[in-house]
Amino acid sequence: MIHLTHTIAGEVCDIFMPERRSELAGFDRFLAQGDKVLGLDSETSGLNIYSPGYEVRLVQIGNGREAWVLRVDLFADVIVRALRQPRMFVVHNAAFDLQVIDRHLGVTLEELGPRVFDTRIFAHLIDPRQEHEGGAGLSLKPLSAIHVDDSAPDTQAGLNAVFRTIRNPETGKLCTKDDGWRHIPIDHETYVRYAGLDVILVTRLFDELAVIIRDLGLNPLSKFEHHLQVLLAIMQRRGVLLDVPYIERLKAELEADVETFAKVAARYGVDNVNSTAQVSSALVAMGETLTETTDGGALKVDKEVLMPLADLDRDWERIEARKANPLADAVLRAKRAGKWRESYADAFLNLRDSSDRLHASIGGLQARTARMSISRPPLQQLPSGDWRVRRALVADPGQVIIAADYAQVEMRVLAGLCQDPTLVEAILSGTDLHDFTAARVFGEGFTKQERKVAKAIGFGKVYGGGATTVARQTGLQPEDVRPAMSAYDSTFPGIKRYGAKLQSRAQYGKREVVTLSGRHLPLDRDRLYAATNYVVQSTSRDLLAQAIVDIFDAGLGDHLLLPVHDELVAQAPAAEARDVIDEIGRLMASTFYTIPIASEAEVYGPSWGHGYGAPS
DNA sequence: ACTTTCACG
DNA sequence: ACGTACGTGAAAGTG
């Protein structure tokens, strides 16, 4: 038995790590003492739960002053028995550990998920901001420092330091935060100590945060978010099937593109297209004038700058406005192909499981506005103007990809919230909103270009933008956009008034806005104008979240694959695909303060790319 | 570690 | 008084 002690908030805590069965009596006594909620954590070989060779090494169970660090290689049965006891557990970022335990110990999400409190959810509901945004942060260390003991060690950072002293037997090199988890000796004192501390800290954090949540009246929202996390974890566990032979071909195609265009760039003295310094100086040497600068003061050579130099519009079509700069063109094409290969094709292949499924991590309660995000790989950010990357994700055999997305959900949510009579009437009348706006702003005989401006202003208003950004979006001058923006304000005065109301409340009360769901959204002192956007974005997210819960309640959860902000991607057997997606679309639809929130349902075909023009 | 860029809604 | 585009994840270069 390894026995360590550590003082947390002035109390001496015990960390026990049994090494043989005869040493488990103390653990049995610990379980029998009747704590209502126990801390739970696991230590694994890495982040990619579903990759081949992945293992869970330790499971820790404890309370506020005692931790039991259990080796999975010796005591898996004991751990499973403890987890199956009818009691609650508290985990920090439970979606991760629950999937580890489901996949590698066989205690399912369905069994354990409903019995878990997640301190990360509590923390997000209290203050969703990361540390660098001026918030409390969402990881265990900063939260424990605030609520439990500011001298408690940063167990993640502390272990990273230890990893750098340990040699990876496969490569012979010193470990990093990526491979240290796999190679650190399982009885290394720091590893055992920090493993134990994490459950002690999470239990104490729970005691503190649960009271705050209750006092803020957030118990119902917390319950909803906990339920949602389990459903999203079920989606992640299912994953999405990959078409591996297709990805290999795509990868080769993209590599060939990179090579071709890198060669062209090299002719102009740029031997690395990703070096902004090389690109900008070569362009200047060719006689181009670069005016925009980055925050760091360097000459800007991003897509927005390079496209006009290459005489290309946003759809990569020739504008015929000037002689295309061949270097700008080559850099754009080489970088795009390189990004698609690295971030998508390679990522798909590297992150898949042994059955060629991709289990991207779904963060259910992520952004400041609670928006969801998907990482490893970022499936919410695949190119949408070209089908080739999305074509890599396919439905299971015999099934097809289906999807339903909300139509103009943010404008509709804004209309419901601000109740501007003209905006409400426009939406209820069923005419195209941007047509309606263009007619009001420019007159009935508006042009196509004017409709585009009207649309850009609508977006600009939701985001809190001004004439400069709308001008940049539309390619017009700010002075040409300004009159249209005033006309927009006179047409929909309620939008501006609603924003002003939110801002003045935030200015004279607590610097935050509170949504209908009770979510507290803190505002930055010098960006109060973001209030409208936060409420709109957050409320739209809550609508999608509710839809996911409703779809599971209706028994259709097994079809869902991914949430994409205003859209749900799913799959169903070909014969019933139409019915399934229509029903999902109906479950997504709702009425929000008299405003219909409708969705459009579509059957894509064998791959996700088939919704974006992939040939059958 | 920070900056720059680029992919999405 | 005025105006401010919102929210993400990830790779590569740079120092």
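As a basis for the values below, the full set of heavy atoms in this structure was taken, side chains included, without hydrogen atoms, waters or symmetry mates. Lettering of chains follows the sequences in order, A, B, ..., and the numbering in each one begins at 1.
- For A/Q537, no side-chain nitrogen or oxygen approaches OP1 or OP2 of C/dT8 to under 4.0 Å.
- Counting distance only, with no hydrogens placed and no angle test, the side-chain atoms of A/K339 and the base atoms of B/dC6 include a donor-acceptor pair under 3.5 Å.
- A/T469 has no side-chain polar atom (N or O) that falls below the 4.0 Å cut-off from OP1 or OP2 of C/dT4.
- The aromatic rings of A/F348 and A/Y344 lie tilted to each other, with the angle between the two planes from 30° to 60°.
- Not one side-chain nitrogen or oxygen of A/K303 sits closer than 4.0 Å to the OP1 or OP2 atom of B/dT4.
- Applying the 4.0 Å criterion to OP1 and OP2 of B/dT4, one finds that A/T276 has every side-chain N and O outside that range.
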Requested in this report: Decide side-chain hydrogen bond (donor to acceptor under 3.5 Å, both in side chains) for A/Y50 and A/Q236; before the verdict, give the C-alpha distance in whole Å, the side-chain angles of both, and the deciding distance to 0.1 Å.
Outcome: CA-CA 10 Å; A/Y50 298 88; A/Q236 183 177 336; 5.4 Å; no
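- Between A/N533 and C/dA5, a side-chain N or O to OP1/OP2 separation shorter than 4.0 Å is absent.
- Residue A/Y529 has a polar side-chain atom (N or O) positioned under 4.0 Å from OP1 or OP2 of C/dC6.
- Listed pair A/T294 / B/dT3 fails the phosphate criterion, with no side-chain N or O lying under 4.0 Å from OP1 or OP2.
- The base of C/dG7 is not paired with the side chain of A/R541 by any donor and acceptor separated by under 3.5 Å.
- Under 4.0 Å is where a charged nitrogen must lie from a carboxylate oxygen, and between A/K173 and A/D179 no such pair does.
- Taking the six-membered ring for Trp and thresholds of 30 and 60 degrees, A/W387 and A/Y246 have ring planes inclined between 30 and 60 degrees apart.
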